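First comes the structure, then the notes that go with it.
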Amino acid sequence: MIIRGGQVIDAAVGRDEIADVFVADGVIVAGPGRDAFVLDATGLIVCPGLMDLHVHLREPGQSHKETIETGTAAAAAGGFTFVACMPNTQPPLDTPDTVRWVIERAREADHCEVAPVAAITKGRRGHEPTDFAALLSAGATAFSDDGTGVEDDAVMRAAFERASELDVLLIQHCEYKAISAGGVMHHGDVSRRLGLPGLDPRSEEAMIERDIDLCRRTGGRYHVAHISTAKAIDLVRRAKGEGLPVTAEVCTHHLILTDVACANADPNTKMHPPLRPQSDVDACRRGLLDGTIDCIVTDHAPHTAEEKSAGFLKAPAGIVGLETALGVAAMAMIDPPTSPLAKGGPRGVVDWPRLLSWLTTGPARVLKRRPASIEIGAGADLTLIDPHSQWKVDPRQFHSKGRNTPFEGWTLAGRAVGTVRGRQVNRLLPDSPSNPSL
Ligand SMILES: [Zn+2]
């Protein structure tokens, strides 16, 4: 295959040029073979496959919300060739068998690579540690009790010690339930006006503080999931300044939406951590810009329409994100936001290579994985993006079973048109103007 005339961006080696990319037998090669299939990539970006370190694929056990098949199809549609899936399934990913089961289902679906994150504690109940070594050899990529934080100091300390011994990554959902106390949205003007229980940001910050202390004492690698407050980001900034092995991710929605988006009590604006005030949104953007935050994730969290119709107080938290991530991230970090919900803050400040680094080399570094590369001899792992494509978000067209998005009707610029994994061309938009025949 010849991918002709695209803007080849490879953040790992600082490459940004118009070039042809040749793929033969699933590997990047130096030149075209005979009868090569030509893909006109004029006007498109060709970059290493995008990675998302935080998705919920809902299986085993919650296939009414999403399946590994539909979730990974959504990932490929969004331009991702790699997703790390969280263990809060039913049963949770706390045994080698469940981890292997997820990997096998993902192989069958064959839309993208799936790296299961296994639970830190049995049943994600926060008491008894899981068998890290056995889970690792089953294919676990990191450890987290996501959905809840590990509150018990002794249990978390033991997890850090084992993480340090085995050189594995702990991913913490930072929330002390005693502090968040049933809050359903950020504690502030909007929650007060709606009369809904507010969620104290201290619940996030206090756990990060405790964990950084444990990290300092044990040397275990620590990653803050979905960081969302200015103070939390400052804590990570200082920990990195000390040289501790601490990393952090931010969700696309926390880069653009404030709690003002919750003013109509639309359950599709309910998520954990909640949408925050503008000052926190600005801090998230700045955190990316100064390297405190390593990568952008979706926290793709599908729920059924029925579940989300239960009203703001009762509806489950979370939104889908895989199919809007690229456009929303571009709007937050490249283009001046057009939404009245997204005014202010640093914006219009980065180019596509920088943005893509937070979706390729950034997440790879967090996992200590070699990032995908477009160098000769590398296995093909590519995403093709049309940065100019303007499109309107229509949840009915999602590959995900989840339609729960606050971005319905938004016009986004920038969309993945396909991914290439080895010999497989995963998906190219049929109406992509430069490739009418595909
Ligand atoms: Zn979480």
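What you are looking at is a predicted structure, and each value in this text was computed from that prediction instead of being measured.
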Taking the side chain as C-beta and beyond, is there a heavy-atom pair between [X] and [Y] under 4.5 Å?
{"X": "His186", "Y": "Pro201", "result": "yes"}
{"X": "Val46", "Y": "Val420", "result": "no"}
{"X": "Ile385", "Y": "Cys47", "result": "yes"}
{"X": "Asp211", "Y": "Phe160", "result": "yes"}
{"X": "Ile293", "Y": "Val236", "result": "no"}
{"X": "Leu93", "Y": "Trp101", "result": "no"}
{"X": "Leu39", "Y": "Leu384", "result": "yes"}
{"X": "Val260", "Y": "Gln278", "result": "no"}

Can Met333 and Arg354 be said to form a side chain to side chain contact (heavy atoms under 4.5 Å, CB included), step by step? CA-CA 9 Å; Met333 302 306 294; Arg354 189 83 198 277; over 6 Å; no
Would Leu356 and Ile45 count as a side chain to side chain contact (heavy atoms under 4.5 Å, CB included) if you check the C-alpha gap in whole Å, the side-chain angles of each, and the deciding distance to 0.1 Å? CA-CA 10 Å; Leu356 292 171; Ile45 288 169; 3.9 Å; yes
Once rounded to the nearest 0.5 Å, what's the spacing between atom [atom1] of [X] and atom [atom2] of [Y]?
{"X": "Gln172", "Y": "Arg210", "atom1": "CD", "atom2": "CZ", "value": "6.0 Å"}
{"X": "Leu53", "Y": "Leu169", "atom1": "CG", "atom2": "CG", "value": "8.5 Å"}
{"X": "Thr98", "Y": "Glu59", "atom1": "OG1", "atom2": "CD", "value": "13.0 Å"}
{"X": "Glu161", "Y": "Phe132", "atom1": "CD", "atom2": "CZ", "value": "11.5 Å"}
{"X": "Ile212", "Y": "Glu242", "atom1": "CD1", "atom2": "CD", "value": "8.0 Å"}
{"X": "Ser144", "Y": "Asn88", "atom1": "OG", "atom2": "CG", "value": "8.0 Å"}

For the residue pair [Y] / [X], report whether a side-chain donor-acceptor contact shorter than 3.5 Å exists.
{"X": "Thr229", "Y": "Glu204", "answer": "no"}
{"X": "Arg276", "Y": "Ser228", "answer": "yes"}
{"X": "Asp52", "Y": "Thr298", "answer": "yes"}
{"X": "Glu66", "Y": "His300", "answer": "yes"}
{"X": "Asp200", "Y": "His187", "answer": "no"}
{"X": "Asp94", "Y": "Thr130", "answer": "no"}
{"X": "Thr304", "Y": "Glu307", "answer": "yes"}
{"X": "Asp290", "Y": "Thr292", "answer": "yes"}
{"X": "His54", "Y": "Asp146", "answer": "yes"}

Is the shortest side-chain N to carboxylate O distance from [X] to [Y] below 4.0 Å?
{"X": "Arg105", "Y": "Glu108", "value": "yes"}
{"X": "Asp213", "Y": "Arg216", "value": "yes"}
{"X": "Asp25", "Y": "Arg423", "value": "yes"}

Which pair of non-hydrogen atoms, one from [X] and one from [Y], has the smallest distance, and what is that distance?
{"X": "Glu408", "Y": "Pro395", "result": "CG-CD, 3.6 Å"}
{"X": "Ile120", "Y": "Ala159", "result": "CG2-CB, 3.7 Å"}
{"X": "Pro245", "Y": "Gly219", "result": "CG-O, 3.8 Å"}
{"X": "Ala118", "Y": "Val99", "result": "CB-CG2, 4.2 Å"}
{"X": "Glu69", "Y": "Ala109", "result": "OE1-CB, 3.6 Å"}
{"X": "Gly79", "Y": "Thr383", "result": "O-OG1, 2.7 Å"}

Look at the side chain of [X] and the backbone N and O of [Y], then say whether any donor-acceptor pair between them is shorter than 3.5 Å.
{"X": "Asp145", "Y": "Thr121", "answer": "yes"}
{"X": "Thr269", "Y": "Ala265", "answer": "no"}
{"X": "Thr89", "Y": "Pro91", "answer": "yes"}
{"X": "Lys401", "Y": "Ser63", "answer": "yes"}
{"X": "Lys122", "Y": "Glu128", "answer": "no"}
{"X": "Lys270", "Y": "Gly318", "answer": "no"}
{"X": "Glu323", "Y": "Ser400", "answer": "yes"}
{"X": "Thr81", "Y": "Asp381", "answer": "no"}
{"X": "His226", "Y": "Ala248", "answer": "no"}
{"X": "His303", "Y": "Gly402", "answer": "no"}

For a salt bridge (charged side-chain N to carboxylate O under 4.0 Å, His left out) check, start with the C-alpha distance between Asp234 and Lys231, then their side-chain angles and the critical distance, and finish with the verdict. CA-CA 5 Å; Asp234 271 340; Lys231 170 127 190 266; over 6 Å; no
Could you go through the side chain to side chain contact (heavy atoms under 4.5 Å, CB included) check for Thr405 and Ile319 one step at a time? CA-CA 5 Å; Thr405 174; Ile319 60 168; 5.6 Å; no
Test side chain to side chain contact (heavy atoms under 4.5 Å, CB included) on Val114 and Ile103; report intermediate values, then the result. CA-CA 7 Å; Val114 172; Ile103 292 171; over 6 Å; no
So if I apply the salt bridge (Lys or Arg N to Asp or Glu O under 4.0 Å) rule between Asp294 and each of Lys368, Lys240, Arg221, Arg237, which one comes out positive?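 Option passing the salt bridge (Lys or Arg N to Asp or Glu O under 4.0 Å) with Asp294: Lys240.
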May I ask you to check whether over 12 heavy atoms, not counting those of Lys392, lie within 6.0 Å of atom NZ?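 Incorrect, the count does not exceed 12.
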